[in-house]
Every structure is written in structure tokens, then in C-alpha cells.
Amino acid sequence: MTPKQVALVQDSFAKVALTSEAAAVLFYDRLFDIAPQMRAMFPDDMIEQRRKLMVMLAAVVKGLGNLEQVLPAASALAKRHVSYGAKARHYPVVGAALLWTLEKGLGMAGRRKWRMRGAPLMARCPAT
């Protein structure tokens with residue numbers, strides 16, 4: 001990613017992170033709406049899970065300018081998720097829910113900008 005692309009993703013995420021609890025609720029609601037079979041992979045009480053999601057996303061987004069530092073932690077996270085039942089086919093669904101959440105969190109003006117510039121970048125990321 002170019003420095004300008006990194007800045008766009010970081011700026012977009014910063015706007016969504018202002019309401020991180022609401023963003024996490026949106027994300028998981030969307031995920032379970034489009035993939036209800038994934039609900040069983042998560043605890044009944046989602047408070048801590050939502051917090052972990054936003055902490056992880058913040059760390060990844062912050063480190064986009066230095067992927068060598070972020071990738072080992074992201075890889076370890078992916079390996080842990082295998083023990084929870086995550087399969088390769090789940091990642092595109094999670095990515096779609098994440099993109100949907102980011103678009104919702106950006107508001108109308110930000111959404112147009114994100115669709116034109118940010119979403120194509122995220123779609124190329126292997127994690128999505």
C-alpha cells in the first residue's frame with residue numbers, strides 16, 4: 001500500500017473507532033445476519049469479544065505502514081482462530097461484514113469516498 005492509501009484507511013478507521021462499541025455491535029450483527037452458522041463460534045456474552053475486535057483492528061490499522069511488524073501478530077491471530085473453528089471460507093464473509101461496518105460508520109459523504117478509494121484496497125487484503 002502507498003502512504004496515501006495507508007492514510008486513507010487509517011483516517012476512515014479513526015472515524016469509525018470514535019464509536020467503537022457501536023461499530024463492533026454493527027459488525028457482529030451483520031456477520032451473524034449474513035452467516036448465522038458462525039454465531040456458534042462466539043460466546044453468548046459478546047462484550048469482551050467486541051472489545052477484542054476493536055483493539056485488534058486498531059493495532060492492524062495503526063501498523064499498516066509497517067506490515068512486517070503487523071503480519072506476525074495477524075498470522076498468530078489467524079492460527080488461534082482455527083482452534084475456534086474458523087475456516088478459510090469464513091474470511092471473505094468476515095471481510096464483507098467489516099467493509100459493511102466501515103461504510104455504515106463513515107456516514108454518507110465518507111461512504112462515497114470509501115467506496116471509491118478504501119474498499120478496493122481492503123478487498124485486496126488477504127485477511128478479508
Side-chain angles (χ1 to χ4, degrees):
M1 293 176 74
T2 68
K4 188 173 184 176
Q5 292 168 326
V6 168
L8 173 67
V9 172
Q10 289 173 337
D11 180 58
S12 297
F13 181 77
K15 291 179 177 108
V16 173
L18 291 173
T19 57
S20 63
E21 175 64 20
V25 168
L26 275 174
F27 168 78
Y28 283 111
D29 284 353
R30 179 65 176 173
L31 178 64
F32 301 149
D33 184 48
I34 62 177
Q37 70 280 10
M38 292 182 72
R39 181 62 183 98
M41 296 170 63
F42 294 89
D44 291 334
D45 184 351
M46 292 291 291
I47 293 171
E48 182 64 12
Q49 183 65 35
R50 290 190 298 259
R51 186 196 66 75
K52 288 178 181 179
L53 170 72
M54 296 310 293
V55 167
M56 182 274 305
L57 287 175
V60 169
V61 169
K62 181 180 179 185
L64 284 177
N66 185 4
L67 286 179
E68 295 78 24
Q69 183 179 3
V70 173
L71 289 179
S75 178
L77 180 67
K79 287 176 185 172
R80 280 196 310 274
H81 279 75
V82 169
S83 71
Y84 307 143
K87 307 276 187 229
R89 68 180 180 272
H90 295 139
Y91 289 97
V93 177
V94 170
L98 180 58
L99 288 172
W100 182 89
T101 302
L102 289 171
E103 287 185 356
K104 289 289 182 190
L106 291 173
M108 190 55 87
R111 204 173 300 154
R112 280 193 292 274
K113 182 177 178 182
W114 176 254
R115 281 190 184 143
M116 292 177 60
R117 298 184 191 153
L121 298 173
M122 291 289 291
R124 290 195 308 246
C125 290
T128 63

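Heavy atoms only, all atoms of each residue included: V9 and V61 are closest at O-CG1, 4.2 Å. Listed here is the closest heavy atom pair of G85 and M41: C-CE, 3.5 Å. Of all heavy-atom pairs between A86 and Y91, the closest is CB-OH, 4.1 Å. The two residues L77 and M56 have their closest heavy-atom pair at CD2-CG, 3.4 Å.
With a 4.5 Å cut-off on side-chain heavy atoms, V94 and L31 count as touching. Counting heavy atoms from C-beta on, the side chains of M46 and R39 come closer than 4.5 Å. Looking at heavy atoms from C-beta onward, V93 lies out of side-chain contact with H90 at the 4.5 angstrom threshold. Within the 4.5 Å cutoff, the side chain of W100 has no heavy atoms near those of the I34 side chain.
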(request) Could you go through the side chain to side chain contact (heavy atoms under 4.5 Å, CB included) check for L57 and M54 one step at a time? (result) CA-CA 5 Å; L57 287 175; M54 296 310 293; 4.3 Å; yes

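Note that CG of L18 is 10.0 Å distant from CZ of F13, once rounded to the nearest 0.5 Å. Rounding to the nearest 0.5 Å gives a distance of 8.5 Å between CZ of R30 and OG1 of T101. E103 CD to L99 CG: the interatomic distance, rounded to the nearest 0.5 Å, is 6.5 Å. With values rounded to the nearest 0.5 angstrom, I47 atom CD1 is found 12.0 Å from Q49 atom CD.
Side-chain heavy atoms closer than 4.5 Å link hydrophobic residues (I, L, V, M, F, W, Y) into clusters, and following such links, possibly through other members, connects V6 to L71. The hydrophobic clustering, which links ILVMFWY residues whose side-chain heavy atoms are closer than 4.5 Å, places F27 and M38 together. Both L53 and V60 are members of a single hydrophobic cluster when ILVMFWY side chains are connected at heavy-atom separations under 4.5 Å.
More than 12 heavy-atom neighbours from other residues, nucleotides or ligands sit within 6.0 angstrom of CD on E21.
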